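The structure is given below, and queries will be raised subsequently.
Reckoned from all heavy atoms, side chains included, excluding hydrogens, waters and symmetry mates. Everything numeric in this text was worked out from a predicted model, so none of it was measured.
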Amino acid sequence: MSNSADWDSQPGWLRWLNRLVVRQGIVRSVMLLTIVVSVLALAISQTAITVLGHGDRLIAAASATLCSLVVTAVIGTAVLRLIVALEQARQRLGVLAIQDDLTGVCNRRHFMLVVEREWDRARRYNTTAALLLIDADHFKRINDLHGHLCGDELLRHIARAARDSLRQADVLARFGGEEFIVFLPHTDPLGALDVAERIRDQVQQLSVLWKGSAVSATVSIGVAPLRPELPSLDWTIHEADTALYAAKAEGRNCVRSLPFTASRSGDAFSTSSS
């Protein structure tokens with residue numbers, strides 16, 4: 001079950017308590033809990049005396065207040081700390097469920113969940129959209145020469161360069177290994193090529209200082225515009241992958257796209273340069 005489903009399955013009062021404790025902090029939460037418990041203990045002690053018909057109300061009130069202070073300070077603090085820790089863990093799990101832990105962009109699973117809906121909406125309302133598939137060139141060679149830690153750092157820089165080239169509505173994700181994918185809503189084919197070229201140029205200018213050496217990188221990018229006749233997002237990803245393969249075959253560090261005009265069913269797709 002997903003983290004969101006686990007959260008939704010919790011009782012409403014528990015979700016409210018989690019939010020309250022996190023918002024107020026441990027100290028203020030303990031103070032509020034102490035006041036509530038003290039009032040309840042005082043009310044119970046006075047009610048008991050009234051029902052029994054005898055007893056010293058002052059002593060009962062003092063005893064109830066003292067006990068509530070001690071019990072709340074010890075047990076209440078421990079319980080509230082546990083609530084805070086659990087809420088923080090839940091939030092971290094929520095981030096991990098949607099985010100690639102190396103680069104900080106979306107992971108593949110979250111990308112597919114989000115973009116499937118957006119893709120269906122674009123097809124339904126006949127709006128433009130496009131996919132970019134980005135692959136770091138000669139990445140294995142970089143890992144072999146400089147080590148995997150250098151490769152990881154380079155991926156972070158590539159992700160940052162791509163993210164800085166996108167709009168807020170665009171969706172960037174790590175698709176696997178050294179590959180990234182981008183969904184561009186409300187973007188026509190020429191606009192998608194412009195974005196891809198901007199990302200390619202930004203990455204080409206990267207220089208990561210690693211153990212005294214400047215390590216650079218380039219990317220190849222495949223562009224696939226939305227074609228309403230395709231039955232699913234997976235088909236469009238396949239088209240972007242085909243365009244990416246063409247970019248690799250034509251020397252890397254370039255952008256390639258499938259033709260913008262729809263082909264008849266069964267036709268092969270040639271590629272076009274940006």
With rounding to the nearest 0.5 Å, note down the distance linking CG in Leu131 to CZ in Phe111.
5.5 Å
Which pair of non-hydrogen atoms, one from Val219 and one from Ala136, has the smallest distance, and what is that distance?
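Nearest pair, atom of Val219 first, then Ala136: CG1-CA, 4.0 Å.
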Candidate pair Thr187 and Arg167, rule side-chain hydrogen bond (donor to acceptor under 3.5 Å, both in side chains), full reasoning:
CA-CA 11 Å; Thr187 304; Arg167 304 163 301 180; 2.9 Å; yes
Please check if the side chain of Gln99 supplies one atom and the backbone of Gly104 the other of a donor-acceptor pair under 3.5 Å.
yes
May I ask you to check whether Ser220 and Asp137 show a side-chain donor-acceptor distance below 3.5 Å?
yes
Any link between Val195 and Leu226 through a network of hydrophobic side chains (Ile, Leu, Val, Met, Phe, Trp, Tyr) touching at under 4.5 Å?
no
Atom CZ of Arg123 and atom CD of Glu229: how far apart are they, to the nearest 0.5 Å?
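The distance works out to 9.0 Å.
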Below 4.5 Å, heavy atoms only, C-beta onward: do Leu172 and Asp170 meet side chain to side chain?
no
Any carboxylate oxygen within less than 4.0 angstrom of a Lys/Arg side-chain nitrogen, looking at Asp194 and Arg198?
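So Asp194 does not pair with Arg198 through a salt bridge.
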Quick one: does Val114's side chain get under 4.5 Å of Ile98's, heavy atoms only?
no
Please lay out, stage by stage, how Leu133 and Phe180 fare under the test side-chain contact (heavy atoms from CB on, under 4.5 Å).
CA-CA 6 Å; Leu133 206 54; Phe180 296 88; over 6 Å; no
Show the nearest heavy-atom pair for residues Ala192 and Val223, with the distance to one decimal.
CB-CG1, 3.8 Å
Please tell me whether Leu154 and Phe175 are part of a single hydrophobic cluster in this structure, the criterion being side-chain heavy atoms less than 4.5 Å apart.
no
To the nearest 0.5 Å, what is the distance between CD (Glu179) and CZ (Arg108)?
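Interatomic distance, Glu179 CD to Arg108 CZ, rounded to 0.5 Å: 8.0 Å.
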Kindly work out whether a path of hydrophobic side-chain contacts (I/L/V/M/F/W/Y, heavy atoms less than 4.5 Å apart) joins Leu113 to Leu184.
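Each belongs to a different hydrophobic cluster.
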Taking all heavy atoms of Arg163 and all of Thr103, pick out the closest pair and write down the distance.
NH1-O, 4.1 Å
Are Val208 and Arg156 close enough that some pair of their side-chain heavy atoms sits under 4.5 Å apart?
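Val208 does not reach Arg156 side chain to side chain.
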Mind checking whether Phe183 and Leu132 have side chains closer than 4.5 Å, heavy atoms only?
no
Short side-chain donor-acceptor distance under 3.5 Å, Gln202 and Asp164:
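Side chains of Asp164 and Gln202: no pair found under 3.5 Å.
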Looking only at heavy atoms, what is the nearest atom pair of Arg121 and Glu118, with distance?
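Answer, listing the atom of Arg121 first, then Glu118: NH1-OE2, 2.8 Å.
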Are Glu250 and Arg256 close enough for a salt bridge, meaning some N to O gap below 4.0 Å?
yes
Here the pair of heavy atoms bringing Cys150 nearest to Val215 is SG-CG2, 3.9 Å
For Lys140, is there an ion pair with Glu178 - N to carboxylate O distance below 4.0 angstrom?
no
Modelled atom types, side-chain donor and acceptor of Asn107 and Arg174, under 3.5 Å
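Arg174 and Asn107 do not have a side-chain donor-acceptor pair below 3.5 Å.
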Could you report the tightest heavy-atom contact between Ile142 and Ser216, atom names first, then the distance?
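Closest approach of Ile142 to Ser216, heavy atoms only: CD1-O, 3.9 Å.
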Please determine which of Ile221, Leu244, Ile181, Asp241 meets the side chain to side chain contact (heavy atoms under 4.5 Å, CB included) test together with Asp135.
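In the set Ile221, Leu244, Ile181, Asp241, the residue that makes a side chain to side chain contact (heavy atoms under 4.5 Å, CB included) with Asp135 is Leu244.
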